[in-house]
Amino acid sequence: MPSMKFLHRRGHSLNHLDGNSATSSPAPSVISLSSTVNETSKYPVTEVPACVQLPWHAVFPAPRSTPAYATAADLASMVRNLTAGKDYVIVDVRRADFEDAFIKGAVNFPAHSFYPTIQSIGHILSHIPIVVFHCNSCSEGGRGPRTAGWYADELERRGLDKSGVFILSGGIKGWIRQFGEDSALTVMLPKQDD
């Protein structure tokens, strides 16, 4: 099987990988790949030019699991009636775009560093029965669904139940539309001047 050699990363762009734009965020990693094979391999040696931009997640395996979605109303009920860190945890996987608001009690594990630290994160979160992941919009293939899938895969690898892993439908944007004004559920951060 071809192996990847990572040569460099750089850049910023205005587009988020989960389809959101309007604020500056890190660009997809710019990676030069060179495949190597031995004489018995059936895979050809290929070169991908260094200028080819791959999404940040291209260097990690795609998740096998596809967790279910939870509605903002369901999550709001959990936040109001259950104990964060014991009964549930909300994992916000935004990175540079974690600047406007967050759900009360959420922890921030950025998606870009999630997969390389999945074993530690799995150890930390695996005793909590409900884990809800979100990014900006939680669109298909976005950061929230991807990290939720990786986490569910890790639970499965450990032989644990993964039925308590969810993705927040609509992400933080949908949450703010419904609960942004409710200070018991949402923490609005002050706007920062550049």
Heavy-atom pair of closest approach, residues [X] and [Y]:
X    : Y    : value
I167 : P145 : CD1-CA, 3.7 Å
R94  : A101 : NH2-O, 2.7 Å
H127 : G85  : NE2-O, 4.2 Å
A152 : S65  : CB-CB, 3.6 Å
S113 : T117 : O-OG1, 2.8 Å
T71  : S169 : CA-CB, 4.4 Å

Separation of [Y] [atom2] from [X] [atom1] (nearest 0.5 Å):
X    : Y    : atom1 : atom2 : value
D100 : L189 : CG    : CG    : 7.5 Å
E140 : R146 : CD    : CZ    : 10.0 Å
L125 : L160 : CG    : CG    : 12.0 Å
N136 : D92  : CG    : CG    : 8.5 Å
H57  : R143 : NE2   : CZ    : 10.5 Å
Y115 : D153 : OH    : CG    : 8.0 Å

Same hydrophobic cluster for V131 and I118, using side-chain heavy-atom links shorter than 4.5 Å among ILVMFWY?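 Linked within one cluster.
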
Through direct or indirect side-chain contacts below 4.5 angstrom among Ile, Leu, Val, Met, Phe, Trp and Tyr, which residues connect to W175?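 Listed partners: L75, M78, V79, L82, Y88, I90, I103, I130, V132, F166, L168, I172, I176, F179, L185.
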
Check whether any side-chain heavy atom of [X] sits under 4.5 Å from a side-chain heavy atom of [Y], and report yes or no.
X    : Y    : result
L155 : V165 : yes
P63  : Y151 : no
I121 : F109 : yes

Are the aromatic rings of F133 and F114 close, with centres under 6.0 Å apart? yes

Any salt bridge (charged side-chain N to carboxylate O under 4.0 Å, His left out) involving residues 157-167? Give me the pairs, sequence neighbours left out, ordered by first then second residue.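 Output for this query lists E154-R157, E154-R158, E156-K162.
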
With sequence neighbours excluded, tell me which residues meet salt bridge (charged side-chain N to carboxylate O under 4.0 Å, His left out) with D182.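 With sequence neighbours excluded, D182 shows a salt bridge (charged side-chain N to carboxylate O under 4.0 Å, His left out) to R80, given in chain and number order.
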
Quick check: does any side chain N or O of S139 sit under 3.5 Å from a backbone N or O of G142, one acting as donor and the other as acceptor? no

